[in-house]
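Read through the structure below, which is laid out as structure tokens, and then see the notes.
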Amino acid sequence: MDSGLYLLFHRLAPFVQRHNSGYRATWLPAAEALRVLDVGGQPPERLHDAVLLDCTPDLTPRFALDTASCANKGALEAALDGSFMKMRSAFFLLSGKDAHMLSKGQALLRWHGDHRFSGRSGRLSLRDASGSKRTCPDTGHVQYPQMAPVVIVLVVDGDRCLLARKDIHPPGMYSTIAGFCDIGENVDMAVRREVAEEVGVTVSSLNFVFSQHWPFPSSSMMLACHAVAEEGHTEQISVDTTELEDARWFSRDEVHSAFSRPVPPEALSGWAVSSPEESSQAAPGDVPFWVPPKWTVAHWLIREWIQVPKLGLMSR
Ligand SMILES: NC(=O)c1ccc[n+]([C@@H]2O[C@H](COP(=O)([O-])OP(=O)(O)OC[C@H]3O[C@@H](n4cnc5c(N)ncnc54)[C@H](O)[C@@H]3O)[C@@H](O)[C@H]2O)c1
Ligand SMILES: [Mg+2]
């Protein structure tokens with residue numbers, strides 16, 4: 001671990017630096033990560049708390065390390081000339097290629113933090129060197145990092161599609177319907193139940209198309225589908241307001257326009273902060289409709305529908 005590249009986090013907030021008009025994640029060489037630990041008053045052995053993410057084609061190992069043991073986050077940020085940003089903010093402000101590794105790093109670090117004790121004996125479990133599993137010292141029971149399966153679906157009705165927003169979304173952003181699979185459900189059952197629960201629409205057919213690892217709320221496997229709404233059941237959407245702030249049909253032209261204009265700057269003002277207290281998000285107001293960032297599976301679903309006009313007519 002004394003070589004390789006490191007993505008740093010602080011209490012699961014990824015370290016990012018300004019880049020052009022946005023932000024980027026930064027891979028630090030081991031020597032730089034050691035310097036940061038030193039600034040934070042931590043011994044070099046803390047580097048071994050890092051978890052292995054992958055190896056580059058030239059076999060350089062890449063790690064994620066949480067610097068939570070360094071109490072003075074501000075001193076680390078000053079030493080590194082960047083900031084630790086809330087993951088949700090980072091996801092809207094980063095360039096796309098960083099999102100997957102940040103997501104993986106945060107998910108793995110969070111899993112270790114949440115599974116320090118064996119569920120069998122209650123004793124502190126021991127992690128392996130790479131951070132891929134934990135073992136109970138008493139029973140030998142091995143725990144592996146887990147992901148929760150989530151269905152995500154673009155429901156279409158002819159030339160329009162159904163999109164929804166939650167109050168935690170930035171102003172103006174509408175996304176696809178999503179929900180956790182219940183124990184015992186397959187993808188088909190979960191899609192039909194979630195769409196019925198959240199918007200009161202019946203789905204007549206569906207196709208699985210993509211998957212994506214997603215870091216929220218802890219670690220999810222997004223299973224993405226296109227679905228067709230049953231004829232005659234599309235006029236009355238009944239929005240589950242405990243879950244969603246709004247849901248409505250968007251025409252293909254409206255979605256086309258959203259793809260062709262940049263994200264309205266006012267939608268993201270207040271997102272580049274590291275704590276909820278600092279946040280001052282714009283009110284929903286008149287921010288024009290926009291779709292999720294291009295590295296999200298929701299974006300891929302909507303883009304595919306725009307690019308393949310007959311998609312909504314396909315069935316399994
Ligand atoms: N990558 C993308 O493009 C994309 C787009 C939309 C949503 N998402 C993600 O999909 C996920 C699920 O969507 P949702 O929040 O609407 O789900 P949901 O509709 O199932 O509602 C969330 C609720 O489900 C319950 N729940 C059941 N099982 C859970 C579990 N394993 N973990 C957490 N909560 C569980 C909780 O009460 C929670 O409040 C969210 O994390 C969201 O960020 C991803
Ligand atoms: Mg939902």
Side-chain angles (χ1 to χ4, degrees), residues 1-116 124-135 144-145 213 215 218-219 272-275 278 295:
M1 280 197 187
D2 298 343
S3 62
L5 297 171
Y6 288 76
L7 276 182
L8 295 190
F9 291 77
H10 191 273
R11 298 185 197 282
L12 299 178
F15 176 72
V16 296
Q17 288 179 307
R18 277 201 168 276
H19 179 63
N20 297 332
S21 56
Y23 291 83
R24 69 167 175 210
T26 308
W27 292 98
L28 299 178
E32 187 67 353
L34 283 166
R35 184 179 75 85
V36 173
L37 288 174
D38 188 49
V39 168
Q42 296 299 308
E45 296 76 51
R46 279 277 174 201
L47 206 59
H48 295 237
D49 292 345
V51 292
L52 180 65
L53 297 179
D54 72 355
C55 278
T56 61
D58 68 356
L59 300 185
T60 304
R62 302 200 295 178
F63 303 93
L65 174 68
D66 201 307
T67 58
S69 56
C70 308
N72 191 345
K73 184 178 70 151
L76 305 188
E77 291 177 328
L80 285 165
D81 193 21
S83 55
F84 292 98
M85 187 182 283
K86 274 191 306 174
M87 191 67 154
R88 234 172 236 287
S89 310
F91 252 56
F92 286 105
L93 300 168
L94 282 173
S95 80
K97 70 180 173 50
D98 301 323
H100 174 67
M101 293 312 277
L102 283 189
S103 161
K104 181 172 176 173
Q106 196 212 41
L108 206 45
L109 291 168
R110 183 194 297 278
W111 181 82
H112 280 284
D114 288 349
H115 293 81
R116 293 176 59 231
L124 190 65
S125 60
L126 307 171
R127 54 161 275 191
D128 65 345
S130 68
S132 68
K133 61 184 178 185
R134 302 186 73 92
T135 305
Y144 294 95
H213 174 254
S218 51
S219 189
V273 295
S274 55
S275 70
E278 296 168 76
W295 54 94

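Numbers here are sequence positions counted from 1.
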Can you check whether [X] reaches [Y] side chain to side chain, under 4.5 Å on heavy atoms?
X: Leu28; Y: Leu80; value: yes
X: Tyr6; Y: Pro29; value: no
X: Pro14; Y: Leu7; value: no
X: Leu76; Y: Phe84; value: yes
X: Leu47; Y: Phe63; value: no
X: Leu93; Y: Met85; value: yes
X: Leu102; Y: Phe9; value: yes

Set of salt bridge (charged side-chain N to carboxylate O under 4.0 Å, His left out) partners for Asp81, sequence neighbours left out:
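In terms of salt bridge (charged side-chain N to carboxylate O under 4.0 Å, His left out), with neighbours along the sequence ignored, Asp81 is linked to no residue.
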
Quick one: salt bridge (charged side-chain N to carboxylate O under 4.0 Å, His left out) partners of Arg46, sequence neighbours excluded?
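Per chain and number, Arg46 pairs via salt bridge (charged side-chain N to carboxylate O under 4.0 Å, His left out) with Asp49.
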
Side-chain donor or acceptor of Gln106 paired with backbone N/O of Leu12 under 3.5 Å:
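A pair under 3.5 Å: yes.
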
Test item: Lys133 side-chain N/O and Asp128 main-chain N/O as donor-acceptor pair under 3.5 Å
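No: the side chain of Lys133 does not pair with the backbone of Asp128.
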
For [X], side-chain contact (heavy atoms from CB on, under 4.5 Å) partners two or more places apart:
X: Leu5; result: Trp27, Thr60, Arg62
X: Thr135; result: Val142
X: His213; result: Ser103, Ala107, Met147, Ser219
X: Ala75; result: Val39, Asn72

Pairs satisfying salt bridge (Lys or Arg N to Asp or Glu O under 4.0 Å), at least one member in residues 3-13, at least two apart
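Sorted pair list comes back empty.
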
Restricting to pairs with a member in residues 27-37, which pass salt bridge (Lys or Arg N to Asp or Glu O under 4.0 Å), not counting sequence neighbours?
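Every pair satisfying salt bridge (Lys or Arg N to Asp or Glu O under 4.0 Å) with a residue in residues 27-37: Glu32-Arg35.
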
Exercise: do Thr26 and Gln17 side chains pair donor with acceptor under 3.5 Å:
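Short answer, yes.
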
Quick one: pull up [atom1] in [X] and [atom2] in [Y] and give me the separation to the nearest 0.5 Å.
X: Ser218; Y: Arg110; atom1: OG; atom2: CZ; result: 6.0 Å
X: Ser132; Y: Leu52; atom1: OG; atom2: CG; result: 8.5 Å
X: Arg127; Y: Leu108; atom1: CZ; atom2: CG; result: 8.5 Å
X: Phe91; Y: Lys86; atom1: CZ; atom2: NZ; result: 14.0 Å
X: Leu65; Y: Leu109; atom1: CG; atom2: CG; result: 7.5 Å
X: Ser69; Y: Gln42; atom1: OG; atom2: CD; result: 3.5 Å

What pairs with Arg134 under side chain to side chain donor-acceptor pair (under 3.5 Å), at least two apart in sequence or on another chain?
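With sequence neighbours excluded, Arg134 shows a side chain to side chain donor-acceptor pair (under 3.5 Å) to His112, Ser125, given in chain and number order.
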
Sequence neighbours excluded, which residues qualify as side chain to side chain donor-acceptor pair (under 3.5 Å) partners of Thr67?
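Checked Thr67 against side chain to side chain donor-acceptor pair (under 3.5 Å); zero matches.
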
Kindly write out the residues that satisfy ring-ring contact (aromatic ring centres under 6.0 Å, His included) with Trp111, not counting sequence neighbours, or none if the list is empty.
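For Trp111, the residues satisfying ring-ring contact (aromatic ring centres under 6.0 Å, His included) (neighbours in sequence not counted) are His115.
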
Taking all atoms of both residues into account, what is the closest heavy-atom pair of Cys70 and Leu37, and its distance?
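Where Cys70 meets Leu37 most closely, the heavy atoms are SG-CD2, 4.4 Å.
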
